[in-house]
Each structure stands twice: as structure tokens, then as C-alpha cells.
Amino acid sequence: QVQLVESGGDLVQTGGSLRLSCSASGNILRLNIMGWYRQAPGKQRELVADITSDGRTNYADSAKGRFTISRDNAKKTVYLQMDNLKSEDTAVYYCNAKLLALGDFWPREYWGQGTQVPVSS
């Protein structure tokens, strides 16, 4: 089975930086888009950024200029570098991947378990 495992969440002060990582494992035949979503308390889950297998990126307006998404296809890993963090960035961050796994007829979506990022002022 496929697993997405996140790491890097931690308490950080306003203006600080943090790097999140997410590695995919399992019987993956093709790894398409990988991305990061977040869910703040009392709010809906929202896209932060995603990246295609050939490196095209897409960012939420709130992330532009402060966050950078990247990936290492050989390691099946996606990263999110977050700089100049603000209190409103406080959320649980979830890794997301759209991929084709062994036994699937078409690509589908997988989620990580989430990692907490509290930003203190």
C-alpha cells in the first residue's frame, strides 16, 4: 500500500522559517502532482502549493513570495520551505499526492497524516 509520511513540523516564531518534507512509499508506478495543503482550526483545508513531476509549481496567494515547493523525483519526496512565517500560517499541514499505484486502474489521491505548524507571535 502507498504511504505519505510528513516530517518537519515544529513550533516556530513569527518571522521564522521551517522546512517540511513528505516521502511517498509503496508500490508506486507513477507519481504525478505532489502538494501541500493546510487546515487551520475552524477552517476548511486549503491548497498551499503543488508541483508537477516536471517541476511546474502552483502557489496559493498567501504562499507566494514566502514559501517554496520543490521535489526530488528519485526520492519520491516533496518539500515545502516556509520563510517569514506569520501567525496566520498556523495550521496542520498535509502532504497530498496524485499517483498511480500497483493494482489501481487510474491515478488517485493520497494524503499524509498531517504535521502541526504552530507559529507564535
Side-chain angles (χ1 to χ4, degrees):
Q1 65 275 21
V2 172
Q3 278 191 313
L4 300 180
V5 178
E6 300 117 332
S7 61
D10 202 355
L11 174 65
V12 62
Q13 289 191 328
T14 300
S17 297
L18 208 58
R19 189 193 196 207
L20 305 181
S21 300
C22 170
S23 294
S25 63
N27 294 319
I28 299 169
L29 300 179
R30 188 172 71 243
L31 190 53
N32 297 337
I33 296 175
M34 300 186 79
W36 290 94
Y37 287 69
R38 69 185 182 187
Q39 187 165 18
K43 294 189 176 181
Q44 288 190 325
R45 192 174 297 189
E46 62 178 6
L47 173 70
V48 178
D50 59 26
I51 183 169
T52 64
S53 57
D54 59 357
R56 285 172 291 148
T57 58
N58 173 48
Y59 292 92
D61 287 344
S62 59
K64 288 177 182 176
R66 299 188 300 125
F67 294 2
T68 303
I69 190 170
S70 60
R71 65 190 278 175
D72 185 328
N73 289 329
K75 294 182 179 179
K76 296 185 178 68
T77 299
V78 63
Y79 307 96
L80 185 68
Q81 176 67 39
M82 303 186 290
D83 298 318
N84 190 22
L85 282 159
K86 305 175 181 179
S87 58
E88 51 262 43
D89 295 317
T90 294
V92 178
Y93 284 70
Y94 295 91
C95 178
N96 174 277
K98 297 168 181 65
L99 59 89
L100 178 66
L102 185 67
D104 288 343
F105 291 103
W106 49 76
R108 59 188 187 98
E109 200 168 42
Y110 290 82
W111 292 92
Q113 78 285 356
T115 186
Q116 295 264 6
V117 177
V119 181
S120 67
S121 53

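For the single chain, residues carry numbers from 1 onward in sequence order.
Other residues, nucleotides and ligands place more than 12 heavy atoms under 6.0 Å from the CD atom of Glu46. The local environment of CD in Gln1 is sparse, with at most 12 non-hydrogen atoms from other residues, nucleotides or ligands closer than 6.0 Å.
Every side-chain contact (heavy atoms from CB on, under 4.5 Å) that Asn73 has, sequence neighbours left out, goes to Arg71. Residues satisfying the side-chain contact (heavy atoms from CB on, under 4.5 Å) criterion with Thr52, sequence neighbours excluded, are Ile33, Asp54, Arg56. Here Asp104 pairs with Arg108 under the salt bridge (Lys or Arg N to Asp or Glu O under 4.0 Å) rule; sequence neighbours left out. Applying the side-chain contact (heavy atoms from CB on, under 4.5 Å) criterion to Ala60, with sequence neighbours excluded, gives Ser62. By the side-chain contact (heavy atoms from CB on, under 4.5 Å) test, Lys64 is found to be paired with Tyr59, Asp61, residues two or more places apart in sequence or in another chain being considered.
Both Leu47 and Val92 are assigned to one and the same hydrophobic cluster, defined by single-linkage of ILVMFWY side chains at heavy-atom distances under 4.5 Å.
The list of disulfide (SG to SG under 2.5 Å) pairs with a residue in residues 33-86, not counting sequence neighbours, is empty. Legend: ring-ring contact (aromatic ring centres under 6.0 Å, His included) pairs involving residues 18-57, not counting sequence neighbours, sorted by first then second residue: Tyr37-Trp111. Judged as a side chain to side chain donor-acceptor pair (under 3.5 Å), the pairs with a partner in residues 4-16 (not counting sequence neighbours) are, in order, Glu6-Gln113. Within the structure, ring-ring contact (aromatic ring centres under 6.0 Å, His included) pairs that include any residue of residues 61-83 do not occur (at least two apart or interchain).
With a 4.5 Å cut-off between side-chain heavy atoms of Ile, Leu, Val, Met, Phe, Trp and Tyr, the cluster of Trp106 takes in Phe105.
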Throw together a table of side-chain donor-acceptor distances under 3.5 angstrom for residues 19-32, partners on residues two or more places apart or in other chains.
unit_1 : atom_1 : unit_2 : atom_2 : d
Ser23  : OG     : Thr77  : OG1    : 2.9
Arg30  : NE     : Asn32  : OD1    : 3.3

Going by atom type alone, with no hydrogens or angles, which donor-acceptor pairs under 3.5 Å involve a side-chain atom of residues 93-103 and a protein atom two or more places apart or on another chain?
unit_1 : atom_1 : unit_2 : atom_2 : d
Tyr93  : OH     : Arg38  : NH1    : 3.0
Tyr93  : OH     : Asp89  : O      : 2.6
Asn96  : OD1    : Lys98  : NZ     : 3.0
Asn96  : ND2    : Glu109 : OE2    : 3.1
Lys98  : NZ     : Glu109 : OE2    : 3.4

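In plain terms, the two heavy atoms of Val117 and Gly9 that are nearest each other are CG2-CA, 4.2 Å. Nearest approach of Asp50 to Ile69, heavy atoms of both residues: CA-CD1, 3.6 Å.
Note that CD of Gln81 is 8.0 Å distant from CG of Leu18, once rounded to the nearest 0.5 Å. A distance of 8.0 Å separates OG of Ser17 from CG of Asn84, quoted to the nearest 0.5 Å.
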